[in-house]
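Report on the structure given below.
Below, read A as the first sequence line, B as the second, and so on, with proteins coming before strands; counting in each chain starts at 1.
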There are 4 protein chains.
Amino acid sequence: MVRLQFSIQLAYEIHDETSDFIFNIQAARTQCQTVVEEHLTTSQAGSPIHFTDTATGNRMMRMQAVRGPLLVRYQAVVDIEHRSSCPEQLYESPVSDLPSDALLYIYPSRYCESDRLCQMAWREFGHLEPGYGRVLAIQKWVQSHVRFQSGASTGTTSAAETLVERAGVCRDYAHLMIALCRALNIPARFASGIDYGADPALGPTDFHAYVEVMLSGRWYLFDPSGVTPTMGLIRIGTGRDAGDTAFATLFGRVSSCAPLIAIEAVEDVGQGIVMPSHCEQALSTADCPL
Amino acid sequence: MVRLQFSIQLAYEIHDETSDFIFNIQAARTQCQTVVEEHLTTSQAGSPIHFTDTATGNRMMRMQAVRGPLLVRYQAVVDIEHRSSCPEQLYESPVSDLPSDALLYIYPSRYCESDRLCQMAWREFGHLEPGYGRVLAIQKWVQSHVRFQSGASTGTTSAAETLVERAGVCRDYAHLMIALCRALNIPARFASGIDYGADPALGPTDFHAYVEVMLSGRWYLFDPSGVTPTMGLIRIGTGRDAGDTAFATLFGRVSSCAPLIAIEAVEDVGQGIVMPSHCEQALSTADCPL
Amino acid sequence: MVRLQFSIQLAYEIHDETSDFIFNIQAARTQCQTVVEEHLTTSQAGSPIHFTDTATGNRMMRMQAVRGPLLVRYQAVVDIEHRSSCPEQLYESPVSDLPSDALLYIYPSRYCESDRLCQMAWREFGHLEPGYGRVLAIQKWVQSHVRFQSGASTGTTSAAETLVERAGVCRDYAHLMIALCRALNIPARFASGIDYGADPALGPTDFHAYVEVMLSGRWYLFDPSGVTPTMGLIRIGTGRDAGDTAFATLFGRVSSCAPLIAIEAVEDVGQGIVMPSHCEQALSTADCPL
Amino acid sequence: MVRLQFSIQLAYEIHDETSDFIFNIQAARTQCQTVVEEHLTTSQAGSPIHFTDTATGNRMMRMQAVRGPLLVRYQAVVDIEHRSSCPEQLYESPVSDLPSDALLYIYPSRYCESDRLCQMAWREFGHLEPGYGRVLAIQKWVQSHVRFQSGASTGTTSAAETLVERAGVCRDYAHLMIALCRALNIPARFASGIDYGADPALGPTDFHAYVEVMLSGRWYLFDPSGVTPTMGLIRIGTGRDAGDTAFATLFGRVSSCAPLIAIEAVEDVGQGIVMPSHCEQALSTADCPL
């Protein structure tokens, strides 16, 4: 088990009389990820509405803020008990065996145009043995063919564009890997979160995007931008792509600062709590559908 | 009330040993649309799995077919008791009042890149009085700026492309209208179905695509390709866009013929069953979310 | 006649052993634009090659620079004797009357996909009386439908994208206007230069992009980003689009600073030299082809 | 030397009072390609204008046709004396040594967005030894990663789209190969023509598109769709891409039939005239610029 403790601070300035916000910054609750402790506060009075999206389990907070500054702070301690599997034993389900709730994740979505990438995906990966190994081959292809370059993409960049431009950030890596999996009828989805253990040379801790792929009926973790041990990934939200899992969706004229994020791993050998580390096993944190 | 009686016949030839199919051709069941009678048969033995998608209410049938011909036949009688409203009284909900289940329909999707159309939508429609009238203005803009041209678009054509090329079929009209609504934070979704009353000069009856927009908490019908009285629209499926509502999704090497579709309206004045006709009222067949 | 005096300073740091540069920063020489005086210097030894592109008349300088800083300075005094015409008398040539050298400018190019905009252009402008007035209608449409927004576009943004996103800078306005003209078979080309008289609120003087359209066999000036009196436009280069008229094309690893540009108008009433001002006449500085 | 004898027949029906046509169907005259004999006739009276484009040497015919049928027939006998070179000896010119007239062919164009493919081209081919071998590697990459599929692309399909969709026809192969060469600063251009020796299984003889790449100061032939011995390629036009080299450009409402094309090779051992055959040598038919 790993224990991660993290905090997020978001700061806004609202220029209209009121502005609506939809946040998705709370750690997800899954079979494997337990929220031990959490505090979510906002600097404005008023009563935010909390709800859990039925399709994804994402924990949302909606609120209406008024003109002036708005500060949102979240801190949590999260325990993750990954289920680890032997990569060789994981199989791709034939379409006929996919749970109905998983079908959504083989369809194309806004930033993952799998319908345009079929030819490419089948030529490049169609001949490989189905299973974890093939998904890993897709991840490695994406890692080695796309250059990590901050500023090379924007909020509207999609997988097909990344396949052409070959540059982007974690979100773009995730979209391209997802689109390639779906083109092969492998359910894949976008996960937003925070990661422990990224190379500090990459700058301050930030939100992270990675991929969950369904194999043997469970969602396995892949980090195609390749900077983090998958053991160090905290899940906040999942969805078809970045469009479904924004940390904050804003309506109206609002200025914002860069988020402030901190994360650390807690070790407690006595309790069996270890530091996240690279591991050869396949890791999962959820059965289908959630 | 209107009563529509229709039949669909789909014919395939499977070239692999087995092929998976996911069909969505059964008439939806909503508060207003009642399936009086229906028969769904397939020419191959085996037991299809029927399920209803929780998010959309779409009625799906999955099956695995074997090499050789496959014929799927569906016929149904459907009663639709539209709720009609006075257009002037319908309002757009502010984001803060939108039901959480409706948020999905203000986000961009594969074929409705609302995130790219914000500037255009706000310039063109931002100054109009919110409400049914504004949505109607969007529908009219789409109708008058896009040319109906069979073959001008393909299965991967999206709203942004239609905005450039200005030609397409009912599906493209629907995608562009939806994207423009969402750019204004008005929930809008894609509906697939069959329509009664299209101009016979347009060719044989075919599947149809139209739009549902949430106003005053209900989903109102709009037909931006403009050929049909909205009273004559039968709903089969709804979703974010055409990617979610395909009549048939095929896996493997399969040939298919053009679908054979027939529809007629049943009149029975004694029972209060009338023929579909153009009407000035706003028509709805569903509350949120379904 | 107007007399404009301007200077350009470009600063680079070359990181490879050698780097090639192609510059196009010298004022064009046309029937109407006379270079009274000019100085072009570079901080590195070596002998640049000067040549004039036969197709466009653009004055190019090629050079190979070595590792270290490179400073390029150009200053010039230019006299422009515009030919002014009464807008009502300018006509669009039928294709059959277009000079062969002008055909190039009705074809699509990298950033002006006129082949995709035909439907839109004919719907929007096809019914208008051909001539200067129609071209002006196109310019006004572009001006009023696109928002000037620095950072909204990149070096690869094209007219079709601007038609979707509706935001950009002078270069994007020019590309969209050109594409719409060509879609109507009106020869149009991209002009790069410097402008006198832009609103100082827009920031320091910078390179500018505008449009030349062939009417009555001459190239008339249009500034669709609308900030400058056309009398204040100095032509440096022309081409099919921005791809043909870069001020500097760099090969290798080179850092660069923002260019430093200054311009002023010289008045000398005795010699008939006036200040650039807005004028209702159509202005041209070149017969076809140059 | 090879001798090719071919004929082209184009048939149109003009629906307007008059329609303008620009044809480019006559065999090019180059240092290596001699037009021994040719006949060009049209079924309508009137005097077409013939001219040679200065930039490309393309032989153009413009004419205005009147309502009714129009038949254009061209037949020619062409001798081609290829210059053949040893592939190992051909080098890529550094940018500083490129003839100024060749610079045009390293810039992006409508269907060859080399500016978007830089990252991909350098990652995939940047480490290879510059020269003929590298260009051949690009050709082979394109051949093996794109599927020949009639109907998979349209007249507006570009290289970036082909890189995503991975399917197309000869024109798409050519565009992608050209874009990749230009991304590496290797001048490359589009050639339109007719080919002798294509596999008859591919259907009746049709127009063909191939690529010319500048190496060692000459334009070498490459056929990335890979169906024809390069010795069997007749050049009609060259340009930046398909937009510059249409066989026929039509203005107005015109119906057209599929072109009728026939070609045969003439053998005359006594005169040293051989049949076109696959050959290991690099073949060129033109020095720079034409």
When heavy-atom pairs shorter than 4.5 Å are enumerated against chain C, which of D/D241, D/L98, D/T18 gives the highest number?
-> D/L98

For side chain to side chain contact (heavy atoms under 4.5 Å, CB included), just list the numbers for C/V35 and C/Q26, CA-CA rounded to whole Å, side-chain angles, deciding distance to a tenth of an Å, and then say yes or no.
-> CA-CA 9 Å; C/V35 179; C/Q26 291 172 270; over 6 Å; no

Highest number of heavy-atom pairs under 4.5 Å with chain D: which of C/S96, C/G243, C/S158, C/C112?
-> C/S96

What's the verdict on side chain to side chain contact (heavy atoms under 4.5 Å, CB included) for D/T249 and C/Y107, showing C-alpha distance, side-chain angles and the deciding distance?
-> CA-CA 10 Å; D/T249 311; C/Y107 293 148; 4.0 Å; yes

Are side-chain N/O atoms of C/R171 and C/S153 paired as donor and acceptor at under 3.5 Å?
-> no

Which region of C/T156, side chain (C-beta onward) or backbone (N, CA, C, O), has a non-hydrogen atom less than 4.5 Å from a non-hydrogen atom of chain D, or is it both or neither?
-> both

Please state whether the side chain, the backbone, both or neither of D/L103 comes within less than 4.5 Å of a heavy atom of chain C.
-> side chain

Relative to chain C, which segment of D/E113 carries a heavy atom at a distance below 4.5 Å: side chain, backbone, both, or neither?
-> both

Name the region of D/Y111, side chain, backbone, both or neither, that has any atom closer than 4.5 Å to a heavy atom of chain C.
-> side chain

Within the 6.0 Å centroid threshold, strictly below: D/F222 and D/Y132 = yes

Salt bridge or not for C/D244 and D/R240, using N-O below 4.0 Å?
-> yes

Is C/R189 positioned over the aromatic face of C/Y105, cation under 6.0 angstrom from the ring centre and no more than 45 degrees off axis?
-> yes

Counting only heavy atoms closer than 4.5 Å, note whether C/I106 contacts chain D via side chain, backbone, both or neither.
-> side chain

Contacting moiety of D/S100, where chain C heavy atoms sit under 4.5 Å | both

